[in-house]
Amino acid sequence: MTARPHLYALGAIVVLGLLAAFGVRDAVVLDLVFTLLLYAVLGQSWNWISGYAGNISFGHAIFFGCGAYASALCVTHGLTPWLAIPAGALAAAALALVTGFPTLGLRGHYFSIATIAVAALVETFARTTPWLGKANGFELPIASGWAALQFPQKGPYVVLALALFAAVQLATIALERSRLGYYLRALRANHAAAASVGIDERRCKLIAFAWSATMASAAGVLYAQYTLFIDPPSTLALAISIDIALIGVVGGIGTLWGPAAGALVYVVLAKAVALRFGGAGKGYDLVIYGAIICLIAALRPYGIVGTIVDAIRRRRGSIAVGPGAAAETPA
Amino acid sequence: MSSLLEVRGLAKRFGSVRALDGVDLDVAEGSLTGLIGPNGAGKSTAFACIAGAEKPSAGSVRFRGREIAGTAYHRVAALGIGRTYQLVQTFADMTVLEAVTTGALLRRARLRDAIAHAQEILAFVGLAEKRYRLGRALTVADKKRLEVARALATEPTLLLLDEVMAGLTPAECGAAVELLRRILARGVTVLMVEHVMEVLMPIAEHVVVIAAGKTIFSGTAAGAVRDAGVIEAYLGSPLEHGEIAGHAP
């Protein structure tokens, strides 16, 4: 399968994003685009370990938090926030390896439970540790320019988020065409059969998890530089982990464009409800979102993009159309 | 001919159940050896222990002169043992070509080379036209063929086939036997489990019969069907009936 259509689609998104970054003055629209891209990155990060590899993570916020806290620590200690990108990535990858090593070779839900437990530990640790700002978190000192990774307008932030999104999508296109991508899909489909062709489950999944954490951390750095304020509820909370997982599920697990589609639904829905109902509508978006998730779980367990891929395959005749053919879900 | 695989005193306990209790078998290089036995004899467990899917409780498994008992499953594949499953284990949401490519990646660094090798293997087993089908959309016979292709793509020295004929129509069985002969002609050694002895009779040079977790016969297929112990294992002995009736000595 050729990557060309995906590269064209990504190119079109980048062009559109750049037009928005340089052409649009409306801060609300730019904020929407930035948030959308950030969630798409987080969704894709989650998709590596939970979609392609098939191990559901409920603690992805902590990797996002690694980047955000790395950024806050760098800036408040007078270091360049650019240093937070590798530092946050290392911390996130290390956390991922520690969480994944004992659990990624096991059957059942140990991994998911471990992610929840580690996330709770990390959040509590941040809440109670003075050098991590305790419950108050950090306010980043105001600065300006590329060296400080801070800007008075939102345009440059959109450009940065776009670059990160493009990098993550390119990495995922490469993953789908790599040994690791084939191995992860094989493991998700059938771990015993995968071992019988020589696939080392723990090794493959640890690599995927470390990369996944690295991507989320990069999004965290960008988020901290954008909001200039971080605390445990905004970066480490379970609610954020759940949001990330839901974006992945709604869009379609294990698909290239699923996380972006999921993020679009999530962000547009939240904004639409906020605009329509204002402050009184707080929570309505979650109700509608919950309903959509119920519908997807009941009717289309592959999510939005998974359903489209299925339809294309059906047309090409690679799936027998008949009862049960589509009902089989990956184990 | 030297022995490619030498199994001695293989035992496997699940709690208090002795699934295997002294299996000995030899597979000569380049041969097709049959492993048969009545239902519940431990054939699939023996396979799992040889392939590394289960760790044996005791005994030795020597492959190319090297002890491999207890080696991690994925390492055994890398050493050169491929296998299929009694109940097919396909990669349901991968296409036929992708599944076989996954196998081919074991010995090929580049994806492009692995895909080329997978195409070759698919042509060899007769699945080339179905290469873009999903694994879950195949017939049982084709799923079994896909499993053989996936295992062959890893370029095994020894191929373990677990009841590849079960559930096939007579015509499909004929095609499977023809494929087996071509696999042997490639130089791959085959150890196959079969429940039905008639399938093995014309193709296996050597058969090993196990019953109740023990090797009870090792020799030619023709010899196996005349062996009193084998007949007893399949049909039950008069003495056992006596024991049940309470007339044991």
Side-chain angles (χ1 to χ4, degrees), chain A residues 1-3 51-52 54 105 107 173-205 252-255 301-302 306 309-310 312-331, chain B residues 47-48 51-54 72-85 87-112 114-115 118 130-139 146-147 150-156 160 162:
Chain A
M1 267 195 287
T2 170
Y52 289 101
R107 304 270 69 80
I173 289 171
L175 173 75
E176 287 193 343
R177 281 150 190 79
S178 72
R179 169 189 303 269
L180 182 63
Y182 272 76
Y183 279 9
L184 291 178
R185 288 174 57 208
L187 285 166
R188 184 185 64 183
N190 192 316
H191 64 91
S196 82
V197 294
I199 300 175
D200 184 344
E201 175 162 21
R202 181 145 68 181
R203 185 169 181 272
C204 287
K205 288 188 169 175
I253 59 167
T255 61
Y302 291 108
V309 170
D310 230 37
I312 293 170
R313 276 181 166 157
R314 232 160 254 278
R315 190 166 301 168
R316 287 200 196 136
S318 55
I319 304 180
V321 182
E328 276 180 53
T329 49
Chain B
F47 249 40
E54 297 280 358
Y73 199 1
H74 66 269
R75 296 233 168 78
V76 174
L79 290 174
I81 299 183
R83 74 167 296 187
T84 68
Y85 289 85
L87 301 168
V88 285
Q89 306 283 336
T90 48
F91 300 139
D93 58 355
M94 277 185 154
T95 65
V96 168
L97 179 58
E98 285 170 341
V100 179
T101 301
T102 304
L105 279 166
L106 181 62
R107 312 248 180 249
R108 279 168 180 72
R110 288 156 49 116
L111 183 63
R112 191 182 307 167
I115 291 173
K130 292 171 183 160
R131 64 186 179 277
Y132 297 125
R133 293 270 186 92
L134 290 185
R136 65 174 194 249
L138 296 178
T139 62
L146 171 57
E147 285 217 327
R150 187 178 68 199
L152 278 179
T154 66
E155 298 182 23
L160 307 176
D162 198 349

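This one's a predicted model, so the numbers in the text were calculated from it and none came from an experiment. Just so it is clear: chains get the letters A, B, ... in the order the sequence lines come, proteins before strands, and each one is counted from 1.
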Side chain, backbone, both or neither: which part of [X] has a non-hydrogen atom closer than 4.5 Å to chain A?
X: B:Ile115; result: side chain
X: B:Thr84; result: neither
X: B:Tyr85; result: side chain

From A:Asp200 atom CG to B:His74 atom NE2, the distance as rounded to the nearest 0.5 Å: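 Going from the CG atom of A:Asp200 to the NE2 atom of B:His74 covers 3.5 Å.
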
Output the distance between atom OH (B:Tyr73) and atom NE2 (A:His191), rounded to the nearest 0.5 Å.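 So the gap between those two atoms works out to 10.0 Å.
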
Where do [X] and [Y] come nearest, in terms of heavy atoms and distance?
X: B:Phe91; Y: A:Ala193; answer: CE2-CB, 3.7 Å
X: A:Tyr182; Y: B:Met94; answer: O-CE, 3.3 Å
X: B:Ala77; Y: A:Ser196; answer: CB-O, 3.4 Å
X: A:Val197; Y: B:Arg150; answer: CG1-CG, 3.7 Å
X: A:Tyr183; Y: B:Thr102; answer: CE1-O, 3.7 Å
X: B:Asp93; Y: A:Arg185; answer: O-NH2, 3.6 Å

Looking only at B:Thr101, B:Leu97, B:Leu138, most heavy-atom pairs under 4.5 Å shared with chain A are made by B:Thr101

Please identify, among B:Leu105, B:Leu106, B:Ile81, the residue contributing the most non-hydrogen atom pairs under 4.5 Å to chain A.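 The candidate making the most pairs under 4.5 Å is B:Leu105.
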
Taken in chain and number order and not counting sequence neighbours, the residues that satisfy salt bridge (charged side-chain N to carboxylate O under 4.0 Å, His left out) with B:Arg108 are B:Glu155

